[in-house]
Amino acid sequence: MQELGRRIAGLLRPGDLVLLTGELGAGKTTLTRGLGEGLGVRGAVTSPTFVIARVHPSLGDGPPLVHVDAYRLGGGLDEMEDLDLDVSLPESVVVVEWGDGKVEELSDDRLHVVIGRAVGHEEVLDDVREVALRGVGARWAQAGPELARLSAGA
């Protein structure tokens with residue numbers, strides 16, 4: 001997952017919103033760690049579950065990474081307003097774990113990453129992941145083939 005995050009980071013630019021979906025332990029934070037490495041940001045990327053959001057400044061000229069965990073937030077965007085994500089979004093890459101149904105209003109353009117554990121012969125293959133990447137909006141309209149290639153290589 002971390003390597004996939006590094007590869008996805010090559011597509012990201014300031015203003016991008018990335019929503020991560022997957023069950024507990026699917027690899028959302030590990031993927032975000034790879035995004036941070038690929039973007040060249042400062043600080044260890046760890047789960048922001050208890051602090052809700054962490055900002056990782058860029059070590060170079062790239063965008064900062066804002067890593068949000070919306071797991072404990074029940075309300076939609078109203079509950080997220082205190083985080084000022086709309087202020088951070090234009091110059092940052094904002095990654096929201098558990099963000100489906102909560103932060104889509106932040107941007108018409110967003111990348112959805114759905115991570116699932118592979119299943120084979122009635123058992124869950126814990127070390128194998130299936131990843132689907134889906135871009136929404138004009139920003140991602142031309143990226144379909146690249147997203148499909150990244151998904152296939154996950």
If the condition is side chain to side chain donor-acceptor pair (under 3.5 Å), which residues does Asp100 pass it with, not counting sequence neighbours?
Thr21, His112

Provide the closest heavy-atom pair for Glu104 versus Gly99 in the form atom of the first, atom of the second, distance.
OE1-O, 3.7 Å

Do Val103 and Val114 belong together in a cluster built from hydrophobic side chains that touch within less than 4.5 Å?
no

Glu3 meets the side chain to side chain donor-acceptor pair (under 3.5 Å) criterion, sequence neighbours left out, with Arg6

List the atom of Ile115, the atom of Ala26, and the distance in Å for their closest heavy-atom pair.
CG2-O, 3.3 Å

Is there a path from Leu12 to Val136 through hydrophobic residues (I, L, V, M, F, W, Y) whose side chains come within less than 4.5 Å of each other?
no

Which distance, rounded to the nearest 0.5 Å, do you find between the CG of Leu31 and the CE of Met1?
4.5 Å

Residues at least two apart in sequence or cross-chain that pass side chain to side chain donor-acceptor pair (under 3.5 Å) with Thr30, listed by chain then number, are none

Between Pro63 and Arg13, what is the shortest heavy-atom contact and its length?
CG-C, 4.5 Å

Rounding to 0.5 Å, atoms OG (Ser151) and CD (Glu146) come to a distance of 10.0 Å

Heavy-atom pair of closest approach, residues Gly135 and Leu147:
N-CD1, 3.5 Å

Quick note, salt bridge (charged side-chain N to carboxylate O under 4.0 Å, His left out) partners involving residues 106-116, not counting sequence neighbours, are none

Beyond-backbone contact of Ile8 with Val18, side-chain heavy atoms, under 4.5 angstrom
no

Test Val113 against every option in Leu20, Leu150, Val95 by the side chain to side chain contact (heavy atoms under 4.5 Å, CB included) rule and name the one that passes.
Leu20

Taking all atoms of both residues into account, what is the closest heavy-atom pair of Trp98 and Ala70, and its distance?
O-CB, 3.6 Å

Lys28 side-chain N/O to Val96 backbone N/O, donor-acceptor pair under 3.5 Å:
no

CG of Leu111 to CG of Leu11: how many Å apart, nearest 0.5 Å?
8.0 Å

With Val45, which residues qualify under side chain to side chain contact (heavy atoms under 4.5 Å, CB included), at least two apart?
Thr32, Arg33, His56, Leu65, His67

In short, Leu39 meets Ser58 closest at the heavy-atom pair O-OG, 4.4 Å

Pairwise side-chain hydrogen bond (donor to acceptor under 3.5 Å, both in side chains) hits with a residue in residues 131-143, at least two apart:
Asp16-Arg139

